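Written below as structure tokens is the structure these notes are about.
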There are 2 protein chains.
Amino acid sequence: MRPSPPLEDEQLAEACKALGHPARLAIFRHLMAEDRCVCGRIVEIVPLAQSTVSQHLKVLREAGLVSGEVEGPRTCYCIDKAFLARFRRTLDRLADPAVITEPA
Amino acid sequence: MRPSPPLEDEQLAEACKALGHPARLAIFRHLMAEDRCVCGRIVEIVPLAQSTVSQHLKVLREAGLVSGEVEGPRTCYCIDKAFLARFRRTLDRLADPAVITEPA
DNA sequence: CTCCTTTATCGTTGATCGACGATAAGCGAT
DNA sequence: ATCGCTTATCGTCGATCAACGATAAAGGAG
């Protein structure tokens, strides 16, 4: 039972890249705050066309950070917390290989 | 004395974007391992032309993750640990607003 | 001073991105 | 079945990216 194996390099790069755009970062942050959120709600928040938002959501979804499920006529998005845990773990390992101990 | 204020959204996005490319991720990882590393050494590691590596180093440098200092005819690169600390802190705040507590 | 080494920058080319409007697809209600 | 609402996908266009080779700049060695 290893719930959180680290990401492969390519997955990590893809996830970073997905967060590497201000609009997607804003969407991600909003999803963290709202927990569950329908696409139209996001369109209200960010100053972008609906098709553009949908595209950004697709990028986040394909990166694994976000998952969306269809609920009747609309789609509800939320953070994939299991993936997020792996993402964080991977970043921690990358940025702290027990060698940075000297802040001076 | 607050040594590690969080990054602005745009800085965070830029840093993520910088890590969002497999070659730059590999360079970053190598710099974490070697601590200090001259450009030519990196060119030996990644299968890319010298000019391309230099370009990637520039992106990492402009994002703030890496700093380089000229040492005679060559340039020595290393991780900017202060920035890295801020980066990590910002990501922690982003991905863990005390609301993810349920892994189930 | 001249050559060699090392790295940054320039210029180019093809690929990918980001934005949009228009359209299609799916569902609920009438 | 039809209409209306919501979202995904398509097609397009300009901008940015990623890669390269060639060239310039700067320092050390002879």
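Reminder, nothing fancy here: chain letters follow the sequence lines and each chain counts from 1. Quick caveat: nothing in here was measured; it's all calculated off a predicted structure.
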Write out all pairs satisfying salt bridge (charged side-chain N to carboxylate O under 4.0 Å, His left out) with one or both partners inside residues 7-17 of chain A, taking only residues at least two apart or from two chains.
Asp9(A)-Arg29(B)

By the definition side-chain contact (heavy atoms from CB on, under 4.5 Å), identify the one residue from Glu34(A), Arg61(A), His30(A) that meets it with Tyr77(A).
Arg61(A)

Specify the separation, in whole Å, of atom CZ of Arg74(B) and atom C1' of dG28(D).
9 Å

For Asp80(B), is there an ion pair with Arg86(B) - N to carboxylate O distance below 4.0 angstrom?
no

Does Ser54(B) reach a base, just sugar-phosphate, or nothing at all? Heavy atoms under 4.0 Å.
base

What one should report as the nearest heavy-atom pair of Ala15(A) and Ala63(A) is CA-CB, 4.1 Å

Nucleotides bounding contact with chain B, strand DNA chain C, heavy-atom threshold 4.0 Å:
dT6(C) to dT9(C)

About how many Å separate CG of Leu60(A) and CG of Leu25(A), when rounded to the nearest 0.5 Å?
9.5 Å

Mind listing the closest non-hydrogen atom pair of Ala18(B) and Val59(B) along with its distance?
CB-CG1, 4.1 Å

Have a look at Val38(A) and say if it touches a base, only the backbone sugar-phosphate, or nothing, with a 4.0 Å heavy-atom cut-off.
sugar-phosphate

In the 5'-to-3' direction, what one-character label does each nucleotide of nucleotides 15-21 of chain D receive under the scheme B = base within less than 4.0 Å of a protein heavy atom, S = sugar-phosphate only, - = no such atom?
--SSSBB

Do you know the tightest heavy-atom contact between Leu7(B) and Thr90(B)?
N-OG1, 2.8 Å

In whole Å, I'd like the distance from the CD atom of Glu69(B) to the P atom of dA26(D).
18 Å

Mind checking the CG-SG spacing from Leu94(B) to Cys16(B)? Nearest 0.5 Å is all I need.
8.0 Å

